[in-house]
Amino acid sequence: MYCNEQYATNLDDDVLVSLYLKQSEDIAIDGSFCWDYFFRFENNSDADVVLLGKHLSVIDAKGKTTSVDFDGFKGQLPELVPGDEFEDDGYVTSKTSAILKGFCKIRIGNKIKEVELPVMSLIANDNTSRIMN
């Protein structure tokens with residue numbers, strides 16, 4: 001995985017999703033803080049898994065929610081046979097501290113489902129990220 005420090009995981013139907021965040025030194029044009037995220041998907045099931053897309057929501061300290069849906073992963077629909085893994089990255093922004101939550105839509109065998117992402121905190125004032133319990 002991209003990280004060696006704090007990350008969070010969620011296991012659903014033997015598909016392991018790991019998420020790592022780090023505050024970027026970059027500041028968005030509108031003055032927002034930026035956080036880089038790194039996903040890792042591991043297919044520990046006996047079935048083929050297709051990653052269909054993701055939904056991310058940033059909920060800031062004032063309760064404002066910004067959500068975005070992505071079809072696929074950078075234009076691809078990764079197919080993972082049992083034992084395969086896939087990594088993805090991107091970034092999110094917020095003008096204040098916030099939380100990041102969401103899900104990934106997958107097809108496992110013949111079933112389409114949503115795998116929840118670990119909820120992560122976006123700390124805007126101290127240049128670190130922490131796992132929310």
Side-chain angles (χ1 to χ4, degrees):
M1 182 159 207
Y2 296 94
C3 63
N4 58 9
E5 293 181 14
Q6 293 182 5
Y7 65 94
T9 61
N10 184 30
L11 181 65
D12 191 337
D13 272 347
D14 292 324
V15 175
L16 181 68
V17 180
S18 301
L19 175 61
Y20 172 73
L21 286 171
K22 71 174 187 166
Q23 188 170 357
S24 173
E25 294 180 13
D26 296 331
I27 300 292
I29 293 172
D30 68 355
S32 295
F33 295 94
C34 295
W35 290 268
D36 298 318
Y37 64 78
F38 306 94
F39 288 120
R40 181 179 183 150
F41 301 90
E42 299 175 40
N43 182 4
N44 298 317
S45 74
D46 294 329
D48 291 349
V49 171
V50 178
L51 305 176
L52 302 173
K54 63 187 173 214
H55 171 88
L56 301 177
S57 292
V58 173
I59 305 164
D60 73 16
K62 297 177 182 178
K64 178 184 173 195
T65 301
T66 304
S67 297
V68 76
D69 291 296
F70 298 90
D71 291 328
F73 292 81
K74 296 183 181 162
Q76 304 293 319
L77 297 177
E79 297 182 31
L80 307 177
V81 298
D84 270 356
E85 44 191 58
F86 173 77
E87 293 181 341
D88 184 47
D89 60 10
Y91 71 94
V92 294
T93 63
S94 178
K95 288 189 177 276
T96 67
S97 294
I99 61 169
L100 172 66
K101 68 179 205 167
F103 61 85
C104 292
K105 187 183 284 188
I106 68 169
R107 185 174 67 230
I108 183 165
N110 294 324
K111 177 174 62 170
I112 294 178
K113 66 177 300 173
E114 295 173 355
V115 175
E116 294 293 322
L117 298 174
V119 176
M120 300 288 286
S121 63
L122 307 172
I123 306 299
N125 61 358
D126 67 355
N127 203 30
T128 61
S129 61
R130 293 186 179 83
I131 299 173
M132 287 191 60
N133 294 321

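- Salt bridge Arg107/Asp48: absent, no basic N to carboxylate O contact under 4.0 Å.
- Side chains of Ser57 and Ser67: a donor-acceptor N/O pair is present below 3.5 angstrom, by distance only.
- We find the SG-CG distance between Cys104 and Asp88 to be 8.0 Å, quoted to the nearest 0.5 Å.
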Trace of the side chain to side chain contact (heavy atoms under 4.5 Å, CB included) decision for Val15 with Ile108: CA-CA 9 Å; Val15 175; Ile108 183 165; 4.1 Å; yes
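- In this structure, Ser121 contributes its side chain and Ile123 its backbone to no donor-acceptor pair below 3.5 Å.
- Between the CG atom of Leu11 and the CG atom of Leu16 there is a distance of 5.5 Å, given to the nearest 0.5 Å.
- Ring-centre distance between Phe41 and Phe73: below the 6.0 Å cut-off.
- Looking at Lys105 and Asp69, no side-chain N of the basic residue comes within less than 4.0 Å of a carboxylate O on the acidic one, giving no salt bridge.
- Residues meeting the side chain to side chain donor-acceptor pair (under 3.5 Å) test with Glu85, sequence neighbours left out: Arg40.
- Looking at heavy atoms from C-beta onward, Leu100 lies out of side-chain contact with Trp35 at the 4.5 angstrom threshold.
- Between Thr93 and Val58, every side-chain heavy-atom pair lies at or beyond the 4.5 Å cut-off.
- To the nearest 0.5 Å, the span separating OG1 on Thr96 from CD1 on Ile59 amounts to 11.5 Å.
- The environment of CG in Asp46 is sparse: at most 12 heavy-atom neighbours from other residues, nucleotides or ligands sit within 6.0 Å.
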Check against side chain to side chain contact (heavy atoms under 4.5 Å, CB included), Asp36 and Tyr20: CA-CA 8 Å; Asp36 298 318; Tyr20 172 73; over 6 Å; no
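- Listed here is the closest heavy atom pair of Pro118 and Ala8: CB-CB, 3.4 Å.
- Under the 4.5 Å side-chain criterion, counting only non-hydrogen atoms from C-beta, Lys101 is not in contact with Leu117.
- Nearest heavy atoms, Gly72 versus Leu77: CA-CD2, 3.6 Å.
- How far OH of Tyr37 is from CG of Leu19: 9.5 Å, rounded to the nearest 0.5 Å.
- For the atom pair Ser94 OG and Lys62 NZ, the distance stands at 9.5 Å (nearest 0.5 Å).
- Follow the hydrophobic side-chain contacts under 4.5 Å out from Leu21 and you reach Val68 in the same cluster.
- For the pair Glu114 and Asp12, the tightest heavy-atom approach, listed with the atom from each and the gap, is O-OD2, 4.1 Å.
- Pairing each heavy atom of Leu56 with each of Phe39, the nearest pair is CD2-CZ, 4.0 Å.
- Asn10 approaches Glu116 most closely through the heavy-atom pair ND2-O, 2.6 Å.
- Leu122 places a side-chain heavy atom less than 4.5 Å from the side chain of Val92.
- At least one side-chain heavy atom of Phe33 sits under 4.5 Å from a side-chain heavy atom of Gln23.
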Chi angles and distances behind the side chain to side chain contact (heavy atoms under 4.5 Å, CB included) call for Asp13, Lys113: CA-CA 10 Å; Asp13 272 347; Lys113 66 177 300 173; 3.1 Å; yes
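- The shortest distance between side-chain heavy atoms of Asp60 and Lys95 does not fall below 4.5 Å.
- One hydrophobic cluster, built from ILVMFWY side chains closer than 4.5 Å, holds both Val50 and Ile112.
- The hydrophobic cluster containing Phe70 also contains Phe86, counting ILVMFWY residues as joined when their side-chain heavy atoms lie under 4.5 angstrom apart, directly or transitively.
- For the pair Leu52 and Ile106, the tightest heavy-atom approach, listed with the atom from each and the gap, is CD1-C, 3.9 Å.
- Under the 3.5 Å distance criterion, the side-chain polar atoms of Ser24 are left unmatched by any main-chain donor or acceptor of Cys34.
- Between Glu79 and Val49 the shortest side-chain heavy-atom distance does not fall below 4.5 Å.
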